[in-house]
Amino acid sequence: MTAQFTVRPFTPADAPAWVAISNAVLNRQATAEALLEEDARRDAAQTHCRWVAVDGGEVVGTALLSFFPFNPPGFLSVNVMVAPHHRGRGVGRALWQTVQDEARRLGVASLATGVSDTDMESLAWAQRRGFERHLHRFASELDLNGFDETPFQADLERAVAQGVTFMDLAGADEATLDRYLNFVADRLTETPDLAGHPRWPLAQVREVLRLDSDPRPEWLVLALGPDSEWLGLTVMVSIFGGQAAYNELTAVHPSARGRGLALPLKLEAIRRAQAAGIGTMRTNNHSQNAPMLAVNLRLGFVSLPGQFELLRRGSAEG
Ligand SMILES: CC(C)(COP(=O)(O)OP(=O)(O)OC[C@H]1O[C@@H](n2cnc3c(N)ncnc32)[C@H](O)[C@@H]1OP(=O)(O)O)[C@@H](O)C(=O)NCCC(=O)NCCS
């Protein structure tokens, strides 16, 4: 088949077509508005370039080259997606070439990407382009409608018996917020996802918590010990135009591990999402994060297709 499509930079008018493709490929329900808001709140100093492949006026493929804070330092993320009916005719190849040219122009040789763990064809496509499997991230979802916490009474009582209480950051002063950001930054370095990576700057933590774009201090939750010491945290952000909550991080300080606090923390998050009228919670977990995966399973999270994260280290050669 002759290639008749063209590749050009993305414009805001492409947003509905973009999310139609990415929602189908990634099993999401993102909105065009959310995509444009995400672009608007990006730090202009960080790479974030979008292109589309257009055939007869129809957007048939998308490509994104962007900074992603969970990547190893120095890596940029690449995401190429082609509408299923337009695959196998070079659209992906052309978009990949565009992304690669831009990465080369930026002097970035190391790239990361993600492929659904149910899509072996796309995995092979990425591997033919020099990407190698780095880690596996599981995705899961909890239906909050009618979620019943009575099976977890013993877990809650165990936390109460330890003198544990929960608070959120609603009304917190600057010093407490700053302490929270540092607490999050420290806990992030302890996750399997970011093991060995440098500690995030606080501005990066602020951004991932949406503190400057969609602040929800009541979704920034802390577990406190009897002397008000900070033992753990859980954080949610709103996704899918407010239809779902994403549990970004649940973490327990190393000194408080093994005391059964992760599940009560998650229950706190669930209660707060329910109170906000939200029916679904999503989360992603590193496949080696056994304790968190076990907690999610007990709570009733249901597996969705996950993602292989792939890396292409390297020289700038194509
Ligand atoms: C991976 C993905 C982007 C490939 O898109 P695509 O448009 O089918 O890609 P291409 O057509 O360029 O390549 C697919 C294969 O079709 C064949 N092909 C390409 N052009 C062709 C043509 N003109 N005629 C016949 N066959 C052709 C080739 O075998 C090609 O593989 P190769 O380039 O490695 O040799 C697509 O499957 C997708 O959207 N997957 C989901 C998202 C994802 O996982 N992306 C990968 C990580 S970035």
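Values below: all heavy atoms of this structure, side chains included; hydrogens, waters and symmetry mates excluded. Just so you know, ligand 1 is whichever comes first in the structure, and atom 1 is the first atom listed for that ligand.
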Legend entry - Nearest-option assignment for atom 15 (C) of ligand 1, heavy atoms, candidates M81, R128, Q307, Q127: R128
Inset, instruction - Look only at interatomic distance and state if V80 has a nitrogen or oxygen under 3.5 Å from any nitrogen or oxygen of ligand 1. - result: yes
Inset, instruction - Please work out whether any backbone atom (N, CA, C, O) or any side-chain heavy atom from C-beta onward of T113 is under 4.0 Å from ligand 1, and answer side chain, backbone, both or neither. - result: side chain
Inset, instruction - Using heavy-atom distances, let me know which of R129, Q97, H86, E121 sits nearest atom 33 (O) of ligand 1. - result: R129
Inset, instruction - Say whether N247 and T234, considering side chains only, have a donor N or O and an acceptor N or O under 3.5 Å apart. - result: yes
Inset, instruction - Report yes or no: do D101 and T98 form a side-chain donor-acceptor pair below 3.5 Å? - result: no
Inset, instruction - List for me each residue that meets ring pair (Phe, Tyr, Trp, His ring centres under 6.0 Å) alongside F152, sequence neighbours excluded, and say none if there are none. - result: none
Inset, instruction - Could you pull out, from G88, S77, A24, the option with a heavy atom nearest to atom 16 (O) of ligand 1? - result: G88
Legend entry - Min N/O separation S122 to ligand 1 under 3.5 Å: yes
Legend entry - Selection from A53, G92, S116, G90 by shortest heavy-atom distance to atom 11 (O) of ligand 1: G90
Legend entry - Side-chain donor-acceptor pair present, R187, N182, cut-off under 3.5 Å: no
Inset, instruction - Could you tell me if the ring centre of W230 sits under 6.0 Å from that of F166? - result: no
Inset, instruction - Could you tell me whether V25 approaches ligand 1 through its side chain, its backbone, both or neither, with non-hydrogen atoms closer than 4.0 Å? - result: side chain
Inset, instruction - For R133 and F308, indicate whether the former's side chain and the latter's backbone hold a donor-acceptor pair under 3.5 Å. - result: no
